[in-house]
Amino acid sequence: PIAATVAAAADELANRPPPFRLISVWGQPLSLNADVMVNGVRMSIKAGEVLPDNWTVSAITRDALHLARGRDKFTMKLGG
């Protein structure tokens with residue numbers, strides 16, 4: 001029972017979306033940046049940065065922020 005409870009908690013954490021919100025994408029096509037809201041604070045970020053909950057910015061495109069954490073992948077669409 002304890003192992004099942006730990007596994008369920010790990011699954012819930014893995015399936016939870018990142019704890020921030022994409023506000024805007026800006027910059028030149030080969031050097032895009034993004035603004036995100038993290039705990040009520042606006043931050044400007046770029047590819048390669050590590051965000052809360054160990055999410056790494058794997059790429060920024062004109063309309064999305066692509067994130068990775070271990071084997072987990074998440075795409076945060078602008079306006080969505």
Side-chain angles (χ1 to χ4, degrees):
I2 292 174
T5 303
V6 170
D11 283 345
E12 182 181 330
L13 180 62
N15 293 326
R16 190 173 51 189
F20 42 87
R21 185 169 52 98
L22 179 60
I23 303 296
S24 66
V25 173
W26 52 276
Q28 299 300 316
L30 297 177
S31 181
L32 291 174
N33 296 286
D35 287 343
V36 295
M37 278 302 248
V38 179
N39 298 322
V41 177
R42 188 177 186 136
M43 296 174 52
S44 293
I45 58 171
K46 59 186 177 189
E49 289 194 42
V50 178
L51 301 174
D53 284 357
N54 289 323
W55 286 101
T56 299
V57 179
S58 55
I60 300 172
T61 59
R62 276 275 167 221
D63 65 347
L65 182 61
H66 302 274
L67 306 162
R69 180 178 64 189
R71 289 184 281 183
D72 298 328
K73 306 278 188 259
F74 192 86
T75 297
M76 192 171 284
K77 294 275 188 183
L78 191 58

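Along the sequence shown, the residues carry numbers beginning at 1. These figures come from a predicted structure and were not determined experimentally.
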Can you give each donor-acceptor pair under 3.5 Å made by side-chain atoms of residues 39-50, sequence neighbours left out, with the distance rounded to 0.1 Å?
from : atom 1 : to  : atom 2 : distance (Å)
R42  : NE     : D35 : OD2    : 3.4
R42  : NH2    : D35 : OD2    : 3.2
S44  : OG     : D35 : OD1    : 2.6
E49  : OE2    : K46 : N      : 3.0

Please round to the nearest 0.5 Å and tell me the distance separating atom [atom1] of [X] and atom [atom2] of [Y].
X   : Y   : atom1 : atom2 : result
L22 : K77 : CG    : NZ    : 11.0 Å
L51 : L65 : CG    : CG    : 7.0 Å
I23 : M76 : CD1   : CE    : 10.0 Å
S24 : M37 : OG    : CE    : 11.0 Å
K73 : W55 : NZ    : CH2   : 9.0 Å

Q) Under the side chain to side chain donor-acceptor pair (under 3.5 Å) test, which residues partner T75, sequence neighbours left out? A) H66
Q) Among the clusters formed by ILVMFWY side chains lying less than 4.5 Å apart, do I60 and L78 turn up in the same one? A)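 Yes.
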Q) Are F74 and V36 joined in one hydrophobic group, where the rule is that I, L, V, M, F, W and Y side chains link up if heavy atoms are under 4.5 Å apart? A)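 Yes, same cluster.
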Q. Could you give all pairs that pass the salt bridge (Lys or Arg N to Asp or Glu O under 4.0 Å) test and reach residues 21-33, with sequence neighbours left out?
A.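 Qualifying pairs, neighbours excluded: none.
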Q: Could you go through the side-chain contact (heavy atoms from CB on, under 4.5 Å) check for V57 and L67 one step at a time?
A: CA-CA 5 Å; V57 179; L67 306 162; 4.0 Å; yes
